[in-house]
Amino acid sequence: MKRASLILDKDYEIGKVDPRIYGSFIEHLGRAVYGGIYEPGHKSADELGFREDVLELVKELDVPIIRYPGGNFVSAFNWEDSVGPRDQRPKRLDLAWYTTETNEVGMHEFSDWLTKANSSMMYAINLGTRGVDDARNVVEYANHLEGSYYSDLRIKNGAKDPFGIKVWCLGNEMDGEWQMGHKTARDYGALAREAAKVMKRVDPSIEVVACGSSSLEMPTFGGWEYTMLMECYEQIDYVSLHRYYANYEDDTPAFLARSMDLDEFIKSVTAICDAVGAVKRSKKKLGLSFDEWNVWYHSRQQDKEIWKQDKWNRALPLLEDVYNFEDALLVGSMLITFIRNADRVKIACLAQLVNVIAPIMTRNGGGVWRQTIYWPLLHASRFGRGISLQPIVESPVYNCWDYENVPFIDAAAVLTEQEDVVIFCVNKSMDQHIALNCEFRDFGTLTVEQHIELHHDDVKATNTEAHPDEVTPMDADKGKFVDDTLEVLLRPLSWNVLRLTKKNKRNIEIKPLSTI
Ligand code: AHR
């Protein structure tokens with residue numbers, strides 16, 4: 001059997017985990033809104049038409065922030081279309097996804113839904129086809145108390161209290177030539193600076209996210225960030241990163257190694273931000289907003305077929321990836337990577353939340369179920385809040401086509417406010433159990449309250465409406481302590497959550513897994 005070790009010291013802090021790293025994303029795309037969170041006439045629909053069965057799963061995930069309304073959609077979106085009397089809202093062609101947007105759900109309805117979901121809005125503005133003027137107007141509409149044209153219009157439209165949107169995205173993927181209103185780095189940086197300036201004059205309490213590269217593969221990556229930040233560094237708060245992974249080669253070890261690429265991406269963007277800060281002699285440090293991340297590839301061919309047959313319909317079933325067990329392992333490793341970079345990654349939105357590359361799936365008129373990737377997000381969001389601790393891991397390694405020395409054990413650790421310790425850990429070995437020795441320094445005497453394990457013998461196993469629990473977490477062996485060292489066995493290909501508390505404290509709420 002292989003062995004690995006992990007040392008945790010209470011004083012080795014990476015930083016506070018910003019709960020917003022457990023955020024998500026809902027775009028007006030496919031069946032995310034229409035047929036996802038919203039389906040009037042469905043048996044679980046509330047008085048506004050929102051599905052309560054879907055809402056329950058969203059609440060269970062406890063996502064503190066949700067990016068909205070796009071994505072690519074936002075780059076030709078007129079926010080005014082989505083407010084005011086619903087029967088007078090225009091239907092528009094959505095040129096990003098070849099759909100007709102009916103605007104039945106807009107800023108007010110989504111805000112009402114967010115209140116029910118215990119979440120908050122991260123609003124993306126259109127910096128593709130629109131500009132500075134619209135940027136200030138939408139902030140005035142959403143956040144100004146009263147007594148101005150747009151704030152009074154909001155009140156007339158039924159929302160006496162401002163929406164109080166704290167985080168604003170300055171456009172979406174503006175480096176991509178597919179983006180409507182795509183710009184050069186310098187032009188975008190200047191526009192982001194001026195938009196941020198007027199938006200913050202309307203509401204100085206807001207934070208803004210400037211678009212970084214839409215992926216690491218963009219030929220402009222790096223140069224885009226540097227040039228854009230030279231224009232707007234002092235006016236913005238975060239740089240966005242987007243990252244989606246695929247397993248077209250059907251190579252599980254290589255696929256699971258993509259978390260190394262994610263870590264490098266984070267380190268590279270951090271370095272560029274700090275380089276610009278140094279050039280500008282600025283004391284300010286920018287945060288990173290991973291405002292789109294996930295596995296995305298299963299549905300790409302299917303989407304091409306849909307568009308061949310059916311353009312311009314409402315709510316086409318687009319980007320409906322059916323996630324398998326190995327996808328859940330990589331999503332777990334990506335969450336681990338965010339926790340380990342808690343000093344810089346302040347926001348992360350799993351893209352997306354319902355039906356569209358999502359942890360939650362629905363059938364129109366039918367049920368709702370949890371995809372495999374739901375589970376690591378749930379565990380991280382529920383148990384991964386507190387201080388991220390630096391785990392010192394010694395693990396056997398493997399090689400794959402683009403990475404050497406990939407540790408089989410990928411781990412992050414959090415010290416919660418209640419002083420409980422939570423370790424998240426993926427064993428990437430295809431066939432080997434790994435005995436993990438965890439040494440705890442300066443925590444007092446700990447005991448393992450729970451070891452949650454997600455495993456399936458078939459990496460391609462999925463959850464479906466008929467078999468919603470095919471891939472589902474189980475309680476696993478808690479291992480045993482010898483002095484301050486815990487030895488616990490991690491199954492090959494498994495996502496693990498070890499929840500430890502001070503001996504005799506017993507303050508961790510342990511619910512049966514079926515209820516979390
Ligand atoms: O999340 C799906 C799409 O992926 C978003 O609209 C876009 O920003 C990204 O390319």
Side-chain angles (χ1 to χ4, degrees), residues 2 30 214-218 242-265 292-307 317-337 350-352 355-359 361 369-377 395-410 425-434 453-473 490-496:
K2 291 190 187 298
S214 48
S215 102
L216 199 48
E217 280 75 36
M218 293 299 286
H242 290 185
R243 203 78 183 118
Y244 294 104
Y245 292 116
N247 189 11
Y248 289 114
E249 299 80 13
D250 193 14
D251 180 340
T252 303
F255 179 59
L256 296 182
R258 305 312 287 161
S259 59
M260 310 261 291
D261 167 274
L262 185 73
D263 195 65
E264 283 175 12
F265 188 23
E292 289 184 31
W293 69 275
N294 203 345
V295 171
W296 174 14
Y297 73 106
H298 300 283
S299 63
R300 289 205 188 244
Q301 190 52 38
Q302 186 182 308
D303 289 345
K304 287 184 190 147
E305 299 303 319
I306 292 172
W307 280 317
L318 297 170
L319 280 70
E320 300 206 355
D321 274 45
V322 175
Y323 289 111
N324 59 33
F325 171 59
E326 68 184 5
D327 297 330
L329 291 177
L330 182 59
V331 163
S333 248
M334 292 176 82
L335 286 160
I336 283 172
T337 309
L350 178 74
Q352 300 190 8
N355 289 333
V356 172
I357 41 174
M361 287 299 283
W369 62 101
R370 302 168 181 87
Q371 294 232 57
T372 60
I373 62 168
Y374 182 95
W375 293 112
L377 179 64
S395 165
V397 295
Y398 67 96
N399 296 330
C400 58
W401 65 270
D402 64 344
Y403 279 100
E404 287 189 348
N405 299 321
V406 181
F408 282 117
I409 295 296
D410 195 8
C425 191
V426 173
N427 177 2
K428 298 184 181 180
S429 168
M430 298 289 287
D431 49 15
Q432 299 274 320
H433 280 80
I434 295 186
E453 178 191 81
L454 187 71
H455 169 79
H456 200 287
D457 288 339
D458 177 6
V459 287
K460 306 297 180 193
T462 59
N463 291 341
T464 59
E465 188 177 10
H467 299 283
D469 299 323
E470 185 62 34
V471 180
T472 199
L490 306 179
R491 267 199 214 234
L493 294 179
S494 60
W495 157 259
N496 300 270

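We count residues from 1, following the sequence as given.
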Report task. Could you go through the salt bridge (Lys or Arg N to Asp or Glu O under 4.0 Å) check for K428 and E326 one step at a time? Result -> CA-CA 10 Å; K428 298 184 181 180; E326 68 184 5; over 6 Å; no

Query raised in the report: Please walk me through it: do H433 and D431 pass side chain to side chain donor-acceptor pair (under 3.5 Å)?
Result: CA-CA 7 Å; H433 280 80; D431 49 15; over 6 Å; no

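Residues H298 and V322 have side chains not in contact (no heavy-atom distance under 4.5 Å, counting atoms from C-beta outward). Contact annotation: the side chain of V295 never approaches that of N247 to less than 4.5 Å [non-hydrogen atoms, C-beta and beyond]. Residues L262 and Y245 have side chains in contact (heavy-atom distance under 4.5 Å, counting atoms from C-beta outward). Here the side chains of N324 and V459 are not in contact, with every heavy-atom distance at 4.5 Å or above. With contacts defined as side-chain heavy-atom distances shorter than 4.5 Å, the pair T462/Y323 does not qualify. Residues W375 and N463 are in side-chain contact: their nearest non-hydrogen atoms beyond the backbone lie under 4.5 Å apart. Annotation: side chain of L216 is in contact with side chain of R243 (closest heavy-atom distance under 4.5 Å).
Each of D410, D251, D402, D327 was scored for a salt bridge (Lys or Arg N to Asp or Glu O under 4.0 Å) with R258, with one residue passing: D402. Each of W401, Y398, F408, Y403 was evaluated against P253; a single residue qualifies, Y398, per the side chain to side chain contact (heavy atoms under 4.5 Å, CB included) test.
Separating the CG atom in N496 from the CD atom in E453 is a distance of 5.5 Å, to the nearest 0.5 Å. S299 OG to E320 CD: the interatomic distance, rounded to the nearest 0.5 Å, is 8.0 Å. Residue S215 holds its OG atom at 7.0 Å from CZ of F265, rounded to the nearest 0.5 Å.
Minimum heavy-atom separation, S333 to T337: O-OG1, 2.7 Å. In terms of heavy-atom proximity, E470 sits nearest to A461 at CG-CB, 4.4 Å. The two residues A257 and C400 come nearest to each other via the heavy atoms CB-SG, 3.7 Å. Between L350 and W293, the closest heavy-atom pair is N-NE1, 3.2 Å. What you find for P317 and I306 is that their closest heavy atoms are O-CD1, 3.2 Å. The two residues N405 and N399 come nearest to each other via the heavy atoms N-OD1, 2.8 Å.
Note on ring orientation: taking the six-membered ring where Trp is involved, the planes of H456 and F325 are tilted (angle from 30° to 60°).
A donor-acceptor contact shorter than 3.5 Å is absent between the side chain of D303 and the backbone of L318. Side-chain atoms of S429 never come within 3.5 Å of backbone atoms of P492 as a donor-acceptor pair (strictly under, hydrogens ignored).
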